[in-house]
Number of protein chains: 2
Amino acid sequence: MAPRSKPGSTMRDEGIDRFIEAWGRMGSVWGISRTMAEVHALLYVTGEAMCTDDIMARLEISRGNASMSLRALLDWGIIARAHRRGDRKEYFQAEQDVWSVFRAIVRERMKREIDPLLVNLHEIRDHTREDGEKATADLDKRLDAMIDFFETATGLGNRFIGPSGPGLRLAATLLSGPHKADKAAKGRRSRERTR
Amino acid sequence: MAPRSKPGSTMRDEGIDRFIEAWGRMGSVWGISRTMAEVHALLYVTGEAMCTDDIMARLEISRGNASMSLRALLDWGIIARAHRRGDRKEYFQAEQDVWSVFRAIVRERMKREIDPLLVNLHEIRDHTREDGEKATADLDKRLDAMIDFFETATGLGNRFIGPSGPGLRLAATLLSGPHKADKAAKGRRSRERTR
DNA sequence: GAAAAGTTTCAGTATGTTCTGAAAGAGATG
DNA sequence: CATCTCTTTCAGAACATACTGAAACTTTTC
């Protein structure tokens with residue numbers, strides 16, 4: 001082992017950096033700004049409460065950007081404000097339970113995107129229904145199928161984020177059971193089985 | 001002009017336009033280009049097989065754009081090529097079963113995003129493990145929690161897209177059933193249809 | 001094998017998003 | 001109430017992504 005100026009911290013920092021990068025990429029693919037995801041990654045993975053300046057320094061971003069990202073994360077409910085006695089700065093801390101984080105994300109995205117879409121789809125469908133034309137009937141059928149899908153998905157989502165969320169967590173763990181041992185054989189075998 | 005003027009077609013076209021718009025917006029929020037989503041919306045909701053020129057005209061987009069979007073949709077496996085006898089053009093048709101569409105989407109996104117992320121997370125975790133430092137242990141713990149979450153999610157996803165997928169569809173319907181009984185029942189009732 | 005019909009590629013341009021830095025705002029402190 | 005510390009806002013700059021149109025390519029037809 002070679003001597004180091006900061007024993008331990010190099011490896012740790014490297015891990016943190018790599019996680020931040022991975023998480024940032026993930027975010028940008030899923031419609032969350034890269035920086036916002038990176039700020040969350042930093043707070044989550046270190047578990048520490050940090051102030052704006054800490055975050056600015058660590059991620060090398062501007063004050064404005066840091067401020068906006070933090071605000072957005074607060075809106076999503078996946079980080080919280082924290083204070084230190086005798087310090088006027090605001091500190092921020094990430095929710096530490098991964099399942100809570102994802103419940104919050106699902107809740108927000110459903111509220112912001114799926115629900116309005118569903119309203120929209122209903123409007124369109126109701127409107128096309130009024131049209132007596134035969135040619136419109138097939139369109140109607142497809143809209144129905146789509147609405148039905150999203151209503152089922154919404155139902156599932158509500159289960160996930162609702163009071164019995166933790167229960168669903170268990171269900172998910174059980175349902176996804178055989179993923180580690182095997183994918184092909186197990187899936188095929190359990191096809192015709194009832195529980 | 002068209003051989004016959006259809007009084008109902010205005011309403012139908014309006015419905016189609018509205019659906020395309022809604023679906024396009026949805027796509028752009030979820031990291032799919034707006035146009036790609038619009039092309040899919042058009043093909044799905046009309047149910048017709050269309051050629052590149054039809055699509056260009058309907059959505060007022062360039063040939064290049066149409067070509068790229070169609071190619072991407074083919075890659076995702078949610079539209080298919082089709083041909084008409086005595087016509088050299090290629091036609092494209094959307095998968096009509098909504099559940100198949102979403103299975104395809106889940107399959108692709110898992111393959112492209114979750115799987116590489118998981119590999120990445122494992123690498124990072126294994127690397128931080130080697131570090132014996134106490135300060136790194138907490139980081140390790142959090143990485144583990146995250147990995148665990150994504151492995152469960154992946155397991156669930158595989159169930160959804162796998163051979164027993166349709167079974168999971170039923171499970172989803174049942175699971176989401178009694179949560180919002182009023183809303184769900186209403187939608188389901190008005191949709192009863194023979195095949 | 002040349003013309004016709006159709007499809008893909010790609011450099012340049014348009015459009016949209018995110019980031020910065022300075023300035024204004026908000027709240028504590030002496 | 002003037003000042004100091006920290007936070008938020010916002011116009012414009014930097015960056016990223018999507019789109020166009022024309023040229024290159026491929027396949028079919030005669």
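Keep in mind the model is a prediction, meaning the values are calculated, not measured. Residue numbers begin at 1 in each chain, while the letters A, B, ... track the order of the sequences.
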**A/Arg84 to A/Tyr91, cation-pi by 6.0 Å centre distance and 45° axis angle** =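 Cation-pi check for A/Arg84 and A/Tyr91: passes.
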**Message:** Does the structure place the NZ or CZ of B/Arg25 under 6.0 Å from the centre of the six-membered ring of B/Trp30, at an angle of no more than 45° from the ring's axis?
**Reply:**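 Pair B/Arg25/B/Trp30 does not count as cation-pi.
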Can you tell me the distance, in whole Å, between the [atom1] atom of [X] and the [atom2] atom of [N]?
X       : N      : atom1 : atom2 : result
B/Arg25 : C/dG16 : CZ    : P     : 14 Å
A/Ile32 : C/dT18 : CD1   : P     : 11 Å
A/Asp87 : C/dA28 : CG    : C1'   : 13 Å
A/His83 : C/dA28 : NE2   : P     : 10 Å
A/Leu70 : C/dC19 : CG    : C1'   : 15 Å
B/Met56 : C/dG6  : CE    : C1'   : 12 Å
A/Glu90 : C/dG25 : CD    : P     : 19 Å

**Request:** Compare the minimum distances between each of C/dT7, C/dG6, D/dC6 and the side chain of A/Lys89, then state the nucleotide with the smallest one.
**Result:**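 Nucleotide nearest to A/Lys89's side chain: D/dC6.
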**Request:** Tell me which nucleotide among D/dT9, C/dT8, D/dC6 gets nearest to the side chain of B/Arg81.
**Result:**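 For the B/Arg81 side chain, the nearest candidate turns out to be C/dT8.
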**Message:** Is it true that, when you exclude B/Arg71 itself, more than 12 heavy atoms of the residues, nucleotides or ligands shown sit nearer than 6.0 Å to its CZ?
**Reply:**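 Open.
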**Message:** Using 30° and 60° as the class boundaries, would you call the ring planes of B/His40 and B/Trp23 parallel, tilted or perpendicular?
**Reply:**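 Because their plane-to-plane angle lies in the 30° to 60° range, the rings of B/His40 and B/Trp23 count as tilted.
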**Request:** Mind telling me whether B/Phe102 and A/Phe150 have parallel, tilted or perpendicular rings, with 30° and 60° as the class edges?
**Result:**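 Correct class here is perpendicular.
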**Message:** Minimum heavy-atom separation for B/Arg103 and B/Phe160, please, with both atom names.
**Reply:**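 Smallest interatomic distance, heavy atoms only, reads CD-O, 2.7 Å.
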**Request:** Quick one, give me the B/S/- string for nucleotides 19-30 of chain D, reading 5' to 3', where B means a protein heavy atom under 4.0 Å from the base and S means that only happens at the primed atoms, P, OP1 or OP2.
**Result:** SBB-----BSS-
